Protein chains: 2
Amino acid sequence: MKAQSLHGHLDALLLAVLERGALHGYAIIEALRARSDGSLDLPTGTIYPALRRLERAGHVVSSWSTVNGRERRTYELTDSGRRALAVQRQGWHEFSATVGRFLGPDTPPATPV
Amino acid sequence: MKAQSLHGHLDALLLAVLERGALHGYAIIEALRARSDGSLDLPTGTIYPALRRLERAGHVVSSWSTVNGRERRTYELTDSGRRALAVQRQGWHEFSATVGRFLGPDTPPATPV
DNA sequence: ACCGACAAGTAGCCTAGCTACGTATGAAGG
DNA sequence: CCTTCATACGTAGCTAGGCTACTTGTCGGT
């Protein structure tokens, strides 16, 4: 999948991933990849700055820890983050419904086997 | 709706609108607004450059005409444009399914009154 | 005479994701 | 022992593409 399609929706994805529990950056990347069956394979240059943005915005808080001699920065959703997620989710549904109205109907229902 | 969410999906929208028949720029803007119940109200500074892009890419062709003393540039889908639309549609469905997997499930079905 | 709808367009800005780097540790393999 | 790969963090600079703000022009109504 073209990653740049994400424009404007990445924050929502990150918040959604963190909704299930705190994770560190690298694990977030893996979670996105896993839960999307590999179609979302985002580079660190995308994720790390995005997490900083979310932290600056107060939607997540981070804390350092060392696991197996490796430094980890773990991110956790704040209340503000949870509220933001709700808003983003709402926004996503409106957006996808609207675009779907233009692109949806004509898709062949399925190309069965 | 936040318009910047469109990033990367505008071309598909334009092709989809033109799929139903040739239109001139201004009419395209109105069609988008009408078919989205007003939630897609895009400025000319977004539409006109995008149409030029599509024309450069060979997905549409334009022709000038004068109606009531007003110059109109009417855009029409090419075969290449139709193929591109099919691809974009496919891409949209993958994209929305993937993002939906993260943002979809938890939306309250409705907040009744 | 003037204003609003119709109709087209451009220059320059800004957001935000991507490319391509750089750093460092631990485990595995030769 | 040394290399390589997975883990883990990060940044600088590029770029795409939609937006703001503006310009030009006709026509119809007041």
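Atoms considered below: every heavy atom in the structure, side chains included; atoms not considered: hydrogens, waters and symmetry mates. The structure displayed is predicted, hence computed values, not measured ones. Within every chain, numbering begins at 1; the chains are lettered A, B, ... in the order of the sequence lines, protein sequences first and strands thereafter.
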Rounded to whole Å, how long is the line connecting atom [atom1] of [X] with atom [atom2] of [N]?
X: Tyr26(A); N: dG26(C); atom1: OH; atom2: P; result: 16 Å
X: Ile29(A); N: dA8(D); atom1: CD1; atom2: C1'; result: 9 Å
X: Ile47(B); N: dC6(C); atom1: CD1; atom2: P; result: 16 Å
X: Asp41(B); N: dG18(D); atom1: CG; atom2: P; result: 16 Å
X: Leu23(B); N: dC6(C); atom1: CG; atom2: P; result: 15 Å
X: Leu42(A); N: dC9(D); atom1: CG; atom2: P; result: 15 Å

Among [options], which nucleotide sits nearest the side chain of [X]?
X: Tyr75(A); options: dT20(D), dT10(C), dG10(D); result: dG10(D)
X: His7(A); options: dT15(C), dC18(C), dA8(C); result: dT15(C)
X: Arg72(B); options: dA7(C), dC9(D), dT19(C); result: dA7(C)

OP1, OP2 of [N] versus side-chain N and O of [X]: anything below 4.0 Å?
X: Arg53(B); N: dA16(D); value: no
X: Arg73(A); N: dC9(D); value: no
X: Arg52(B); N: dA8(C); value: no
X: Tyr48(B); N: dA8(C); value: yes

### Message
Strictly below 4.0 Å, N to O, side chains only: are Glu19(B) and Arg89(B) in salt-bridge contact?
### Response
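Salt bridge present between Glu19(B) and Arg89(B).
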### Task
Compare every heavy atom of Ala16(A) with every heavy atom of Arg35(A), then report the nearest pair and how far apart it is.
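Heavy-atom minimum between the residues: NH1-O, 4.2 Å.
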### Query
If you find the nucleotide of DNA chain C closest to Thr44(A) and the one closest to Asn68(A), which residue's nucleotide is nearer the 5' end?
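It is Thr44(A), whose closest nucleotide lies nearer the 5' terminus.
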### Query
Which part of the nucleic acid, if any, lies within contact of Arg70(A), taking any heavy atom under 4.0 Å across all strands shown: a base, the sugar-phosphate backbone alone, or nothing?
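Result for Arg70(A) = base.
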### Task
Name the nucleic acid region contacted by Gly25(A), choosing base, sugar-phosphate or nothing; use a 4.0 angstrom heavy-atom cut-off, strictly under.
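Sugar-phosphate, backbone atoms only, no base.
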### Task
Report the residues that fulfil salt bridge (Lys or Arg N to Asp or Glu O under 4.0 Å) with Glu55(B), sequence neighbours left out, ordered by chain and then residue number.
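In terms of salt bridge (Lys or Arg N to Asp or Glu O under 4.0 Å), with neighbours along the sequence ignored, Glu55(B) is linked to Arg73(B).
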### Query
Under 6.0 Å between ring centres, would you say that holds for Phe95(B) and Trp92(A)?
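Centroid distance Phe95(B)-Trp92(A): below 6.0 Å, so yes.
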#### Entry: Gap separating the CG atom of Leu42(A) from the CD1 atom of Ile28(A), nearest 0.5 angstrom
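Atom-to-atom, Leu42(A):CG and Ile28(A):CD1 are 11.0 Å apart.
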